[in-house]
Amino acid sequence: MTERDARTRDAEYAVVVPTLGRPSLRVCLHALAEASGPGPARVVLVDDRPGPARLPLTADVPPSLRSRTIVVPGGARGPAAARNLGWRAAGDVPWIVFLDDDVVPGPTWGDDLTLDLAAATERTAGIAARIEVPVPTDRRPTDWERNTAGLAAARWITADMAYRRAALAAVGGFDERFRRAFREDADLALRILDAGWTLTGGRRTTTHPVRSAGRWTSVRLQAGNADDVLMTRLHGRHWWRRAQAHRGRLPAHLAVTGAGVTALGCALLDRHRPAGVCAAAWLAGTTEFALARILPGPRTRDEVLTMVVTSVLIPPAATWHWLRGRLAHRTARPLTPLGTGEPAPAARPAVRERLRS
């Protein structure tokens, strides 16, 4: 093999996309196909939709990628398990690029990725893309839009993250105890760094549009507090700093919820003065939280109503999921790779469906 052939081989990559079959998958794959530069050696779509009755993903794959695309059933076990299935099915390529199914690779994505991979040293395990989140310019962004915009500053998120396959094998891949699309990327990054590898930022750019969300999305997102408990069990109390992650408002949510519960308890016991003091503390905390979310936003009637109602519900929801995580992960231990360096085999066989052009 010549030196040029070796460099070409070192820059080969496969793309792994775990998906729930959202309409955004088509946009993502077409942007990938149309980007300039060398394309992927293989595209692995991990179909993580639950249930047997579902439409095939073949219609979402552009013709130029169909001969290189395989579909692997994920079993609805979450994005961490889906990505493990994907990179194991990708074959013997040096690099695995994980993309979310709702991102849009930039027009020069392939060329920029090639430059990113060429700049990698032998100890470079991962290269993150630059994530851009378009927000409205004619008004203030909503709470959900601001939440999504935070992805632009997040470190090592798998919305677009290239990992060396050898590094994934060395640490055992993603920890499948993370069942949601939250913290599984930070956990992997910390284990990679602990193993002596390095992570860096690249030059390629990927857009992460703000998808539509319902009124109660912010309440449902509080389930991530259980994942934060698992992160603390695995990486210690100060993992936030190492991962450069946002700490969140959990301590305040616990205090507000505690004040509310105490106020109710005192009222039931006819202890009116302590009940009034605790109720005032609950009201003050809830009001501060609601204003912190309302004032930066567009302040429309619907947005204000949503912020008021969800600001009442979020603290107890966060507290519940934190307590649930404390119980569920009380005996959690760090992930131990198998002797082969490969993650544990899936409970169900990874039957592949290769697409035809």
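In this chain, residues are counted from 1 in sequence order.
Between the side chain of Glu184 and the main chain of Phe182, a donor-acceptor pair closer than 3.5 Å is present. Between the side chain of Arg191 and the main chain of Val171, a donor-acceptor pair closer than 3.5 Å is present. Thr19 places a side-chain N or O within donor-acceptor distance of the main-chain N or O of Gly21, the cut-off being under 3.5 Å. Side-chain atoms of Asp116 come within 3.5 Å of backbone atoms of Arg203 as a donor-acceptor pair (strictly under, hydrogens ignored). Side chain of Arg204 to main chain of Gly106: no donor-acceptor pair is present (N/O by atom type, distance under 3.5 Å, no hydrogens or angles). Side-chain atoms of Asp48 come within 3.5 Å of backbone N or O of Gly78 as a donor-acceptor pair. Formation of a donor-acceptor pair under 3.5 Å by the Arg42 side chain with backbone atoms of Ile70 is not found in this model. The main-chain N or O of Asp102 is never found under 3.5 Å from a side-chain atom of Asp100 such that the two would form a donor-acceptor pair. Between the Arg130 side chain and the Gly202 main chain, a donor and an acceptor come within less than 3.5 Å of each other. No donor-acceptor pair under 3.5 Å is formed between the side chain of Arg233 and the backbone N or O of Arg333.
Between the side chains of Thr306 and Arg215, a donor-acceptor pair is found at a separation under 3.5 Å. Using a 3.5 Å distance cut-off with no hydrogens or angles, the side chains of Arg83 and Thr158 do pair a donor with an acceptor. For the residue pair Thr217 and Arg220, a side-chain donor N or O sits within less than 3.5 Å of a side-chain acceptor on the partner. Defined by atom type and a distance below 3.5 Å, a donor-acceptor pair is missing between the side-chain atoms of Trp216 and Thr310.
Residue-environment remark: CZ (Arg146) exceeds the threshold of 12 foreign heavy atoms within 6.0 Å. Counting non-hydrogen atoms of neighbouring residues, nucleotides and ligands closer than 6.0 angstrom, the CZ atom of Arg271 reaches no more than 12 such neighbours. When the shell of 6.0 Å around CH2 of Trp239 is examined, it contains more than 12 heavy atoms from other residues, nucleotides or ligands. Heavy-atom contacts from other residues, nucleotides or ligands closer than 6.0 Å to CZ of Arg123 number more than 12. Sparse packing is recorded around CZ of Arg301, with 12 or fewer heavy atoms of other residues, nucleotides or ligands lying under 6.0 Å away.
Here the CD-CG distance, from Glu34 to Leu29, works out to 11.0 Å after rounding to the nearest 0.5 Å. Taken to the nearest 0.5 Å, the CG atom of Leu57 stands 11.0 Å off from the CZ atom of Arg26. Residue Asp187 holds its CG atom at 7.0 Å from CG of Leu230, rounded to the nearest 0.5 Å. A distance of 10.0 Å separates NE2 in His238 from OG1 in Thr232, rounded to the nearest 0.5 Å. To the nearest 0.5 Å, atoms CD1 (Ile192) and OG1 (Thr124) are separated by 11.5 Å. Distance check, rounded to the nearest 0.5 Å: OG1 of Thr257 to CH2 of Trp282 gives 10.0 Å.
Under a hydrophobic-cluster definition in which Ile, Leu, Val, Met, Phe, Trp and Tyr are linked whenever side-chain heavy atoms come within less than 4.5 Å, directly or via other members, Val93 and Trp87 are assigned to the same cluster. Hydrophobic clustering places Ile96 together with Trp156 (ILVMFWY residues linked when any side-chain heavy atoms are closer than 4.5 Å, directly or through intermediates). No continuous path of ILVMFWY side-chain contacts below 4.5 Å connects Val104 to Val17, so the two sit in separate hydrophobic clusters. Clustering ILVMFWY residues whenever any of their side-chain heavy atoms sit less than 4.5 angstrom apart, transitively, puts Val133 in the very cluster that holds Trp144. Under a hydrophobic clustering in which Ile, Leu, Val, Met, Phe, Trp and Tyr are joined whenever their side-chain heavy atoms come within less than 4.5 Å, directly or via other members, Val312 and Met307 fall into different clusters.
For the pair Met231/Trp240, no side-chain contact is recorded, criterion being any heavy-atom separation below 4.5 Å from C-beta on. Contact check for Thr108 versus Ser36: side-chain heavy atoms found under the 4.5 Å cut-off. Annotation: side chain of Val61 is in contact with side chain of Leu45 (closest heavy-atom distance under 4.5 Å). In this structure, the side chains of Pro18 and Leu99 stay at 4.5 Å or more apart for every pair of heavy atoms. Considering only heavy atoms from C-beta on, Leu250 stays 4.5 Å or farther from Asp228 through its side chain. By the 4.5 Å heavy-atom criterion applied to side chains, Met161 and Leu199 are counted as neighbours. No side-chain heavy atom of Thr142 sits under 4.5 Å from any side-chain heavy atom of Val210. No side-chain heavy atom of Cys28 sits less than 4.5 Å from a side-chain heavy atom of Asp101.
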Do Trp322 and His253 pass the side-chain contact (heavy atoms from CB on, under 4.5 Å) test, and can you show the C-alpha distance, the side-chain angles, and the key distance before you say yes or no?
CA-CA 10 Å; Trp322 177 75; His253 292 334; over 6 Å; no
Give the C-alpha distance, both sets of side-chain angles, the deciding distance and a yes or no for side-chain contact (heavy atoms from CB on, under 4.5 Å) between Arg293 and Ile314.
CA-CA 12 Å; Arg293 303 171 69 207; Ile314 283 174; 3.7 Å; yes
Test side-chain contact (heavy atoms from CB on, under 4.5 Å) on Ile294 and Val308; report intermediate values, then the result.
CA-CA 8 Å; Ile294 292 170; Val308 169; 4.1 Å; yes
Quick one, Asp60 with Arg22, criterion side-chain contact (heavy atoms from CB on, under 4.5 Å). Give me CA distance, side-chain angles, the key distance, then yes/no.
CA-CA 10 Å; Asp60 292 325; Arg22 295 183 291 189; over 6 Å; no
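Heavy-atom minimum distance, Trp95 versus Ala125: CZ3-O, 3.7 Å. Heavy atoms only, all atoms of each residue included: Ala223 and Arg180 are closest at CB-NE, 3.7 Å. The minimum heavy-atom distance linking Asp111 with Gly37 is given by the pair OD1-CA, 3.1 Å. The heavy-atom pair separating Ala90 from Ala14 by the smallest distance is CB-CB, 3.7 Å. The two residues Val256 and Gly285 come nearest to each other via the heavy atoms CG2-CA, 3.8 Å. The heavy-atom pair separating Gly74 from Leu85 by the smallest distance is CA-CD1, 3.8 Å.
Comment: Arg140 does not engage Glu303 in a salt bridge, judged by the lack of any side-chain N to carboxylate O separation of less than 4.0 angstrom. Classification of Arg242 and Asp194 as a salt-bridged pair holds, one side-chain N sitting under 4.0 Å from a carboxylate O.
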